[in-house]
Visitor: 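Starting off with a structure, shown below.
Predicted model, so just to flag it, every value in this text is computed and none were measured. Counting convention: from 1, in listed order, for ligands and their atoms alike.
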Amino acid sequence: MAIFRIEGPVTLNGRVRISGAKNSILPIIAASLLAEGESVFEEVPHLKDVEIMCELVESLGAKVKFSPKESRLTVDPANVENILAPYELVNKLRASFLVMGPLLAKKGQAKISLPGGCAIGSRPVDLHLKGFVAMGASIIYNHGYIEARVNRRLKGSKIYLDFPSVGATENIMMAATLAKGQTIIENAAIEPEVVDLSTYLVSMGADIRGAGTDTIKINGTDKLKGSTHTIIPDRIEAGTFMVAAAITGGDVIIENVVPSHLKPVSAKLREANIEIAEELTSIHIKAGKKIKSLDIKTHPYPGFPTDMQAQMTSLMAKATGTSMIVETIFENRFMHVNELKRMGARIKIDGRSAIIEGAMKLMGTQVKATDLRAGAALIIAALAAEGTSEIIDVEHVDRGYVSIDQKLRQLGAKIERFD
Ligand code: EPZ
């Protein structure tokens, strides 16, 4: 069990460089299975989740080479024969389910352990399966596994997503690239990571139009070639550092970002009286002394991202006045609240809403990371709290943040890791 020990309060100043996006590289590794040859990826973040996804595609038969120092990953799917994604891997990483579309398209079958729920919610995959069935696959549930198979070849279909699910949009889009005929995905997710996946697929020879809008058209082709692709910066890592700068009254330049991907976060931070200047590939945050309270509701992109909700809850504990945060995407994403209350935050949960009484003095203490973004929220709170905080189970944080302690130390934080 790894622990972060953090002394507060500090003021963060300086520059930090953001790594490649976790939620972009994970579907893209799955997509690399569609190719006839090797793909090379740059700006790949060295994260636990990336290691597990590599382990999965290797278990399917792909050849994987990851050089974390160069942030480069190569995947050669030539020998992929196995079509089973086992429980022990899927249980560690729900995103493993994203290999179903590529395996169905390339091999005509897939057997994947039904991804369990996780801390933040039940996380069903019904929309993914609805898409595959519409494209001619038959699905059977067998002892906790989902077995999908198609007789000859997936066929293009028109699919309306009841909810703009990121994963379902990505899984169906990948399957459609090798289907016979045209697939139209309506009410598709428009997150930047969906667009990044589409960019990679098109570079492999896929015929995709409309990624980034709510209607994506894919004309199936017979085969796709390996390609090279540079992963977009991680907008959630960037947003996390923006909030850390804001809560500590700091002055930080965040490099290697796409400012337009951060619009919903920048807009909210400006509303909270934080100064934000956007350059071409960087954002400059200058926090005022006073943080204004906010009302926030999470929504699919370009609404306020659910992956930034926990971090903003920490910030609002220091704002003047009462804030309201509504989590509309996941049913159980307030586990950071009890931990923040141990630090002195005054927060009341009412269903999907958190009412936060601001301007509370946060006190350092022992707290526990329950999931990836809750862990990030506790780090943010600890930076502004009086005294020493110890955050346990920070393995959760390792899943989505490359060397977060090192990056924070560069900005003046007093943070040590103990494994
Ligand atoms: C992706 O998860 C991200 N993960 C999540 O990031 C992110 O929170 C989420 O999108 C929303 O932006 C990756 O990209 C690997 P969804 P995903 O399908 O694809 C319901 C992080 O912290 N739903 O858009 O699983 C679902 O229950 C992680 O980096 C169905 O009902 O998200 C949820 O309520 C956490 N049926 C909502 O849609 C389905 O078939 C959003 O899910 C699929 C989803």
Visitor: Tell me which residues fall inside the under-4.0 Å heavy-atom shell around ligand 1.
Guide: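 Only Lys22, Asn23, Arg94, Ile120, Arg123, Pro124, Val125, Asp126, Leu127, His128, Phe163, Ser165, Val166, Gly167, Thr306, Asp307, Ile329, Phe330, Arg333, Leu372, Arg373 have heavy atoms that fall under 4.0 Å of ligand 1, ordered by chain and number.
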Visitor: Compute the centroid of each ring, for Phe41 and then for Tyr200, and state whether the two points are separated by less than 6.0 Å.
Guide: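 Yes.
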Visitor: Side chains of Thr230 and Glu43: is there a donor and an acceptor less than 3.5 Å apart?
Guide: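 Result is no, nothing qualifies.
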Visitor: We want to know whether Lys225 and Ser39 form a side-chain donor-acceptor pair, criterion being a heavy-atom distance below 3.5 angstrom.
Guide: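 Side chains of Lys225 and Ser39: no pair found under 3.5 Å.
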Visitor: Is it true that Arg333 and Glu327 have a side-chain N and a carboxylate O under 4.0 angstrom from each other?
Guide: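 Not counted as a salt bridge, because no side-chain N and carboxylate O are separated by less than 4.0 Å.
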Visitor: Just by modelled atom types, is the Lys106 backbone N or O under 3.5 Å from a matching donor or acceptor in the Arg153 side chain?
Guide: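 No; judged by distance alone, with no hydrogens or angles, the pair does not exist.
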Visitor: Tell me which donor-acceptor pairs under 3.5 Å the side chains of residues 124-132 have, and how far apart each pair is, sequence neighbours excluded?
Guide:
{"residue": "His128", "atom": "ND1", "partner": "Asn171", "partner atom": "ND2", "Å": "3.0"}
{"residue": "His128", "atom": "NE2", "partner": "Ala168", "partner atom": "N", "Å": "3.4"}
{"residue": "Lys130", "atom": "NZ", "partner": "Tyr160", "partner atom": "O", "Å": "2.9"}
{"residue": "Lys130", "atom": "NZ", "partner": "Asp162", "partner atom": "OD1", "Å": "2.6"}

